[in-house]
Amino acid sequence: MDFPPGASEPRLGPSLDGALLTDLYELTMLQAYHASAMNEVAAFEFFARELPSHRNFLLAAGLSQVVEYLTRLHFSPQDLAWLESTGRFRPRFLDSLADLRFTGDVDAMPEGTVFFGNEPLLRVVAPMREAQFVESRVMNLLHFQSVVASKAARCVLAAHAKPLIDFGLRRAHGAEAGLLSARASYIAGFAGTATALAGAVFAIPVFGTMAHSFVQAHEDEVAAFAQFARAQPENTALLIDTYDTESAAHKVVRLAEQLRAESIRISAVRIDSGDLSEHARKVRRILDSGGQPDITILASGNLDEYRVAEMLANQAPIDAFGVGTRMNVAADAPFLDCAYKLVEYAGRGRRKRSEGKATWPGRKQVYRRFDARGRMAEDVVSLEGDPQEGAALLATVIRAGHVCAPQPTLAAIRAHARAQLAALPEALRALGPAPPYPVAIAPALRALAREVDLATALASENSSALDGVGKPAA
């Protein structure tokens, strides 16, 4: 992008949660609603139409950020000045935005909840201008973290309780993505992250070893190991594959004996390249035969749930895994076919009937049934006022613009996710395709859809009987 002579490239402000982080059409629609004085109560729901082919379930994440966004929503004077400068918006409409705040209601599945296709993850009920305007950012926050948490949960299931560490910041798609993927993976069950800011912001445990450059900068590999150990005596994890992995493992054994006199213990070695399983076997033998059975082995390098499962199936003696790029970008399923759709306006159910994208009308609730062993057996989607057997999944989060209760801690969200994953049927816990989990549509919801379709058809017939200026056609 070119800038005028003497001008510098515009810099991002300190926050991405300003009102202008949205799609332009949210604002153009709001101006049209404003001109027509259409601001009755609307209900919108966010859901995934179907699961990606590589997913047997999805894991909800991102609600805390949505709550923060909604409760802070406002247009700053700078926002309004920029909108005015575009020449797209009328003065009276811009004046109306000055007092825009979120005054509505939010019901949602708690973070860490397992969900499936056609199940509303979140519902917003508010005056139309509020409920419509927040669409883009709400989708952005829920979609990304749920995509990452779902991938991370598969890694956790594949690891069979062995610790996983998020290594993905450097290849994440931007700063916010790196930070929020650390959060989402921790919800799913990762032990921690290498992203320092995630530790500061979310109190997620942080982990770090060293880079190959640290070893390369030294004339001698042992000198590099020794210097690092003395600089990090309480957390000494050494990267041993810069040159020759097995040779470095022998050096670690000798150094461990020397450092013992200084009360420094080498806690782990990391392998980041080559045949990780085979290297781990050789390194384990070297460490054990050298009297260092307590030094653990951490493996990293383009890992995902498939490679973790493969290495453990081959009985590789790996104690923990650093999982980065493929998890942080959910490489095999990087997006959901999700939507935030109008389901009610002015007290009447609304639905979309586009080919392949039809929606169910009305404010809905999801009920989950369990079998005798406490495993998930079936979900039922029905209208909010049509209770079904099972546990209701959507809970009240915001009423009249105010948060109803303190948001759960990340530890509580993580515990909820752990319980949800434990309740998955065995087939859904597998990495391969499984028979679809049953999600039933209740009769009351089907009846409302028929009612809405009939009303739409009648309105269309009445409209076609009029010409373009509202007079009976000749």
Side-chain angles (χ1 to χ4, degrees), residues 148-173 177-199 202 204-216 224-225 228-229 232 234-242 245 248-249 252 266-284 287 295-314 316-332 414 431:
V148 173
S150 301
K151 175 74 169 178
R154 287 166 56 84
C155 295
V156 170
L157 292 174
H160 296 294
K162 294 204 172 186
L164 301 173
I165 303 168
D166 160 42
F167 273 15
L169 172 63
R170 62 191 57 198
R171 291 177 184 163
H173 294 170
L179 182 63
L180 293 183
S181 62
R183 181 181 186 275
S185 62
Y186 187 65
I187 287 172
F190 272 46
T193 179
T195 302
L197 186 59
F202 301 123
I204 296 173
V206 291
F207 298 84
T209 59
M210 59 164 65
H212 292 106
S213 57
F214 185 85
V215 176
Q216 292 172 279
F225 291 164
F228 187 82
Q232 297 285 325
E234 303 299 324
N235 183 30
T236 303
L238 303 176
L239 181 61
I240 63 171
D241 67 329
T242 304
T245 303
V252 168
I266 298 174
S267 60
V269 294
R270 177 161 72 98
I271 308 169
D272 190 58
S273 57
D275 185 332
L276 297 176
S277 295
E278 186 59 25
H279 280 309
R281 276 188 277 270
K282 292 178 179 178
V283 168
R284 184 74 272 159
L287 294 175
I295 296 179
T296 60
I297 298 175
L298 168 68
S300 61
N302 292 321
L303 301 185
D304 60 10
E305 66 269 41
Y306 300 105
R307 291 197 66 194
V308 168
E310 178 185 8
M311 287 187 281
L312 293 183
N314 290 334
I318 298 171
D319 302 290
F321 300 90
V323 180
T325 306
R326 295 178 185 273
M327 183 275 293
N328 292 73
V329 301
D332 60 333
R414 179 178 162 88
L431 299 184

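Remark: Ile318 CD1 to Met311 CE distance equals 4.5 Å, nearest 0.5 Å. Taking CD1 of Ile295 as the reference point, atom CG of Leu287 lies at 5.5 Å (rounded to 0.5 Å). From Lys162, atom NZ reaches atom CG of Asp319 across 5.5 Å, with rounding to the nearest 0.5 Å. With rounding to the nearest 0.5 angstrom, the OH atom of Tyr186 is 15.0 Å from the OG atom of Ser181.
Put simply, the side chain of His173 reaches to within 4.5 Å of the side chain of Val329, judged on heavy atoms. Within the 4.5 Å cutoff, side-chain heavy atoms of Asn302 are placed close to those of Arg326. For the pair Thr242/Gln216, a side-chain contact is recorded, criterion being any heavy-atom separation below 4.5 Å from C-beta on. For the pair Val252 and Phe225, the minimum side-chain heavy-atom distance is below 4.5 Å. Proximity of Leu197 to Phe202: side-chain heavy atoms (C-beta onward) are nowhere separated by under 4.5 Å. By the 4.5 Å heavy-atom criterion applied to side chains, Tyr306 and Leu431 are counted as neighbours.
By the salt bridge (charged side-chain N to carboxylate O under 4.0 Å, His left out) test, Arg270 pairs with Asp272, sequence neighbours left out. Phe207 pairs by the ring pair (Phe, Tyr, Trp, His ring centres under 6.0 Å) definition with nothing, not counting sequence neighbours. Every residue two or more places apart in sequence or in another chain was checked for a side-chain contact (heavy atoms from CB on, under 4.5 Å) with Ala196, and none qualifies. Scanning for side-chain contact (heavy atoms from CB on, under 4.5 Å) contacts around Ala184 gives Gln145, Val148, Ala149, with sequence neighbours left out. Under the ring pair (Phe, Tyr, Trp, His ring centres under 6.0 Å) criterion, Phe214 pairs with His218, Phe228, not counting sequence neighbours.
Residues Thr209 and Ala237 approach most closely at CG2-CB, 3.4 Å, considering heavy atoms. Heavy-atom minimum distance, Ile240 versus Ala249: CD1-CB, 4.4 Å. Between Val269 and Val283, the shortest heavy-atom distance links the atoms CG2-CG1, 4.1 Å. Closest heavy-atom contact between Ala299 and Leu276: CB-CD1, 4.3 Å.
The salt bridge (charged side-chain N to carboxylate O under 4.0 Å, His left out) contacts involving residues 302-313 comprise Lys151-Glu305, Arg154-Glu305, where partners must be two or more places apart or lie in separate chains.
Checking side-chain atoms of Arg170 against main-chain N and O of Thr325 turns up no donor-acceptor pair under 3.5 Å. In this structure, the side chain of Asp241 engages the main chain of Ser273 through a donor-acceptor pair within 3.5 Å. A donor-acceptor distance shorter than 3.5 angstrom exists from the side chain of Ser267 to the backbone of Thr236, with no hydrogens or angles considered.
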Would Met327 and Phe190 count as a side chain to side chain contact (heavy atoms under 4.5 Å, CB included) here? Give the steps. CA-CA 11 Å; Met327 183 275 293; Phe190 272 46; 3.8 Å; yes

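Counted by atom type alone, Asp166 and Thr193 present one or more donor-acceptor pairs between their side chains at under 3.5 Å. In the model, Asn314 has no side-chain atom that pairs as donor or acceptor with a side-chain atom of Ser277 under 3.5 Å.
With Val156 as the fixed residue, the side chain to side chain contact (heavy atoms under 4.5 Å, CB included) test singles out one of Leu164, Val323, Val308: Leu164.
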